[in-house]
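Down below is the structure, laid out as structure tokens.
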Amino acid sequence: IGSPVFRNVKMTLSNGKAFEIEAKNYSVSNKYIQSATLNGKEWNKPWFNHSDIENGGKLVLLMGDKDNKSWGVDDVPPSAEILK
């Protein structure tokens with residue numbers, strides 16, 4: 001999950017369900033993710049699988065002006081495991 005360049009976007013998936021991403025407090029200076037929730041639950045991973053969003057839902061990112069060095073550091077994406 002990278003820093004968004006929008007406040008809100010909603011996508012219709014191929015199954016007709018919607019997946020929405022909302023970036024709260026987004027601005028040019030607030031470009032760092034502070035925390036996130038996926039479908040109302042705390043989300044500390046900087047990635048998600050297709051299965052996490054295939055039935056639609058909502059990802060909410062709380063943005064800030066300083067990087068949060070503790071968000072997303074404990075869960076490496078599966079693609080990075082290959083590099084070990």
Residues 57-70 side chain polar contacts: donor-acceptor under 3.5 Å, at least two apart:
{"unit_1": "Lys58", "atom_1": "NZ", "unit_2": "Glu22", "atom_2": "OE1", "d": "2.9"}
{"unit_1": "Asp67", "atom_1": "OD2", "unit_2": "Lys69", "atom_2": "NZ", "d": "3.1"}
{"unit_1": "Asn68", "atom_1": "OD1", "unit_2": "Ser70", "atom_2": "N", "d": "3.0"}
{"unit_1": "Asn68", "atom_1": "OD1", "unit_2": "Ser70", "atom_2": "OG", "d": "2.7"}
{"unit_1": "Asn68", "atom_1": "OD1", "unit_2": "Trp71", "atom_2": "N", "d": "3.3"}
{"unit_1": "Asn68", "atom_1": "ND2", "unit_2": "Gln34", "atom_2": "O", "d": "2.7"}

Q) Hey, is the main chain of Ser27 close enough, under 3.5 Å, to the side chain of Asn30 for a donor-acceptor pair? A) no
Q. Do Thr37 and Trp43 come close enough that some side-chain heavy atom pair is under 4.5 Å?
A. no
Q) Phe19 and Ile33: same hydrophobic cluster, using ILVMFWY side-chain contacts below 4.5 Å? A) yes
Check: residues 1-17 side-chain donor-acceptor pairs under 3.5 Å, at least two apart:
{"unit_1": "Ser3", "atom_1": "OG", "unit_2": "Lys31", "atom_2": "O", "d": "2.6"}
{"unit_1": "Arg7", "atom_1": "NH2", "unit_2": "Tyr26", "atom_2": "O", "d": "3.4"}
{"unit_1": "Asn8", "atom_1": "ND2", "unit_2": "Glu20", "atom_2": "OE2", "d": "2.8"}
{"unit_1": "Asn15", "atom_1": "OD1", "unit_2": "Lys17", "atom_2": "N", "d": "3.0"}
{"unit_1": "Asn15", "atom_1": "ND2", "unit_2": "Glu54", "atom_2": "O", "d": "2.7"}

